[in-house]
Amino acid sequence: MIVKNTFFKNLLCFFVFLISTLGVYSQKAKPNIVLIYVDDLGYGDIGVNGAIGVETPNVDRLAANGLNFTDAHSTAATCTPSRYSLLTGEYAFRNNAAIVNGDAPLIIDVDKRTLPDMLKDAGYTTGVVGKWHLGLGDGKANWNDEVKPGPKEVGFDYSFLIPATGDRIPTVYMENQKVVGLDLQDPITVSYTSKLDGYPIGTEHPELLKQHTDLQHLGSITNGISRIGYMNGGESALWIDEEIPFNLTKKANEFIDKNSKNPFFLFFSLHDIHQPRIANIKFVEASKMGPRGDVIAQMDWCVGAIMQKLKEVNLDNNTMIIFTSDNGPILDDGYLDYARELVGEHKPGGKYKGAKYSVYEAGTRMPTIVSWPSEIRPGTSNALLSQVDLYASLASLVGQNLKKDDAMDSENHLEAWLGIKNKGRDYLLEEAYTFGLRMGSYKYIKPKENAQIPQWIAKKFVDPGFSTEPQLYNLDVDPFEEENIADEYPDVLQRMQNELSNILSK
């Protein structure tokens, strides 16, 4: 009888251990995922990558506890295309995705399965907080009612949005696709073609401006800032630029609190450091670089607040934080905040050439950190990776099989994202106003028939990388892309031209 009891006791202990072990495995297999997507942050704009004149202690701490990637890329050198590719796993050019106005229709096909759709299938609650800029509605949005299609129709259970960008109207928050704080007796009207009676216009009232700007942005003035487009009504719902980082972070942390008991995916899409760069008084003179440096410090505070919230709810060890940016840095994007004059020795793109709008390397090579303390060993990785691959890689992590038409350009490089391997892509596409292609250390830039730089890009002091001749560089020895070696390596050039043609013709 004693033997029998001992046997069953041991068997029971074994099953308890097995169930416990499987429970831990299941939890680890489905970490919470927080994707912090900064706007216009360059590779060299964080301390761990060599920033001068501004400190980013929270981002640096994230890097110290995770993997800092030195060769990870957004898919494009502009924001809307990068966001499209991130959420769909498809290159933006396939849908002619480009920077859109604040009244543009949703550019993601609601029948297309997205990253949040896939994670919902895996049992995740999904939320997006911050800048959207992927269009809303059907092109005839009624801003005084629920605007759809929008985030809900492409996989997000919850949304709190800046509809487009900080420099475009409407300058209101939207929660679950309705304007927050709207008085229906003061309805909103939006136009990108005709002036509206209502708010003062920048061309007519420059004396009202906190920051002067170029002609493109001299539309309706709200909160002392002139924006692109025209708006009437909605006065009770207008945001205050200086409060944006606090309001977005509060909503992100509320989402974490509410969903802390079950797996969640949070796309925390910051407005900083996009223009207009209007730092809260808490961060004014936090850097030596004026407003641009100050909002980098402000962005770092937001990251720290998310990290602190995860710790408070005891989710810091089993949450994967992915920190990155949508495109390269830009000093002068229209508003006069003296970023070019005050940059000093700081190099926003690090040692790399290029900027936002440019096909050169700094246009898409992003500061990228992945932290998951229970699973990822701290270090540095030079794996060649693209944000388009997060879709397939996270699907592998949470055990979801991609369907035939899902994420056609996304590759599963989960082991590289986790630091298990240091090998990523064989080829990586860089999309700007022409195309670039990476293969190891080689960089190919597709020629353009007309290499004349458009005036609107020239005014931003950006070299877009245009040439009528093919360009080939070896970034290991020439990271600033100065010596074109196309004539010296015809075989490499031909191989990369063929591969780019294959990608573009799919």
Side-chain angles (χ1 to χ4, degrees), residues 36-41 45 78-80 82-83 99-104 128-136 143 159-175 179-181 188 190 192 199 202 208-231 234 237-252 267-284 290-299 301-302 325-327 329-337 339 356-357 460:
I36 302 176
Y37 212 48
V38 192
D39 201 328
D40 293 356
L41 188 75
D45 277 329
T78 49
C79 52
T80 300
S82 288
R83 292 160 196 273
I99 299 172
V100 296
N101 279 328
D103 62 349
V128 53
V129 174
K131 174 181 168 179
W132 182 242
H133 207 193
L134 289 161
L136 288 165
W143 299 97
S159 63
F160 186 90
L161 307 178
I162 291 174
T165 58
D167 61 346
R168 286 174 170 82
I169 54 85
T171 51
V172 295
Y173 300 117
M174 301 188 75
E175 189 164 31
V179 174
V180 176
I188 294 173
V190 166
Y192 274 74
Y199 298 106
L208 298 178
L209 301 180
K210 295 178 183 178
Q211 267 187 20
H212 288 282
T213 184
D214 61 8
L215 187 61
Q216 180 191 19
H217 294 86
L218 289 175
S220 291
I221 300 172
T222 63
N223 191 39
I225 302 295
S226 186
R227 328 274 177 165
I228 302 172
Y230 303 97
M231 177 179 173
L238 296 177
W239 71 48
I240 297 173
D241 297 72
E242 292 85 347
E243 296 177 359
I244 287 175
F246 299 102
N247 289 331
L248 296 185
T249 302
K250 178 184 176 184
K251 288 296 181 178
F267 181 27
F268 186 33
S269 178
L270 297 178
H271 171 259
D272 288 330
I273 60 171
H274 194 283
Q275 285 193 323
R277 297 186 275 250
I278 310 294
N280 187 278
I281 188 64
K282 179 177 179 178
F283 301 101
V284 172
R292 186 175 185 275
D294 295 347
V295 295
I296 290 174
Q298 186 168 266
M299 172 278 300
W301 177 88
C302 296
S325 179
D326 63 349
N327 52 247
I330 184 77
L331 296 180
D332 186 346
D333 212 2
Y335 289 89
L336 185 61
D337 61 9
K356 182 178 182 177
Y357 309 114
K460 298 175 187 293

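One is the number of the first residue; the rest follow in order along the sequence.
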ask   = Can you check whether P245's main-chain N or O pairs, donor with acceptor, with H271's side chain at less than 3.5 Å?
value = no
request  = Go through the steps to decide whether R292 and D45 satisfy the test side chain to side chain contact (heavy atoms under 4.5 Å, CB included), and finish with yes or no.
outcome  = CA-CA 10 Å; R292 186 175 185 275; D45 277 329; 2.6 Å; yes
message = Any non-hydrogen side-chain atom of I273 less than 4.5 Å from a side-chain atom of D39?
response = no
request  = Might you work through the side chain to side chain contact (heavy atoms under 4.5 Å, CB included) test for N223 and I278, ending with a clear yes or no?
outcome  = CA-CA 11 Å; N223 191 39; I278 310 294; 5.6 Å; no
task = Pick out which of T78, N327, D333 makes a side chain to side chain donor-acceptor pair (under 3.5 Å) with K356.
result = D333
task = Using a 4.5 Å cut-off on heavy atoms from C-beta on, say whether the side chain of L248 contacts that of F268.
result = yes
ask   = Taking the side chain from R227 and the backbone from I221, do they hold a donor-acceptor pair closer than 3.5 Å?
value = no
4.5 Å side-chain heavy-atom contact, S220 and S226 = no
message = Looking at every heavy atom in both A164 and G102, which two are closest together, and how far apart are they?
response = CB-CA, 3.7 Å
key: Y192 and Y230 aromatic centres sub-6.0 Å   = no
query = Side chains of Q275 and D167: does their closest heavy-atom pair fall under 4.5 Å?
reply = no
task = Begin with the C-alpha distance, continue with both residues' side-chain angles, and end with the deciding distance and a verdict on side chain to side chain contact (heavy atoms under 4.5 Å, CB included) for V129 and F267.
result = CA-CA 6 Å; V129 174; F267 181 27; over 6 Å; no
inquiry  = In the structure I gave you, are the side-chain heavy atoms of I169 and Y199 within less than 4.5 Å of one another anywhere?
reply    = no
Side-chain (D337) to main-chain (P291) donor-acceptor, under 3.5 angstrom = no
request  = For the residue pair W301 and T249, establish whether any side-chain heavy-atom pair is separated by less than 4.5 Å.
outcome  = yes
key: Side-chain donor or acceptor of S325 paired with backbone N/O of V38 under 3.5 Å   = yes
query = Is any side-chain N of the basic residue among D294 and R277 closer than 4.0 Å to the acidic one's carboxylate O?
reply = no
Smallest separation among heavy atoms of H133 and C79, with atom names = ND1-SG, 3.4 Å
request  = Run the numbers on K251 and E175 for side chain to side chain contact (heavy atoms under 4.5 Å, CB included), then give the verdict.
outcome  = CA-CA 10 Å; K251 288 296 181 178; E175 189 164 31; 3.3 Å; yes
task = For residues V190 and P170, report the shortest heavy-atom separation together with the two atoms involved.
result = CG2-CB, 4.0 Å
query = D326 side chain to D40 main-chain N or O, any donor-acceptor pair under 3.5 Å?
reply = yes
ask   = T213 side chain to G334 main-chain N or O, any donor-acceptor pair under 3.5 Å?
value = yes
request  = Examine distances only and state if a side-chain atom of N280 and a backbone atom of K282 form a donor-acceptor pair shorter than 3.5 Å.
outcome  = yes
task = Without swapping roles, check the side chain of T80 against the backbone of L134 for a donor-acceptor pair under 3.5 Å.
result = no
inquiry  = Quick one, Y357 and I330 - any side-chain contact, counting heavy atoms below 4.5 Å?
reply    = yes
request  = Just say parallel, tilted or perpendicular for the rings of Y335 and H217, cut-offs at 30° and 60°.
outcome  = tilted
query = Is the closest basic N to carboxylate O distance between E242 and K210 below 4.0 Å?
reply = yes
ask   = Does the pair D272/K131 count as a salt bridge with the N-to-O cut at 4.0 Å?
value = no
task = Report yes if some heavy atom in the side chain of I162 is under 4.5 Å from a heavy atom in the side chain of W132; otherwise report no.
result = no
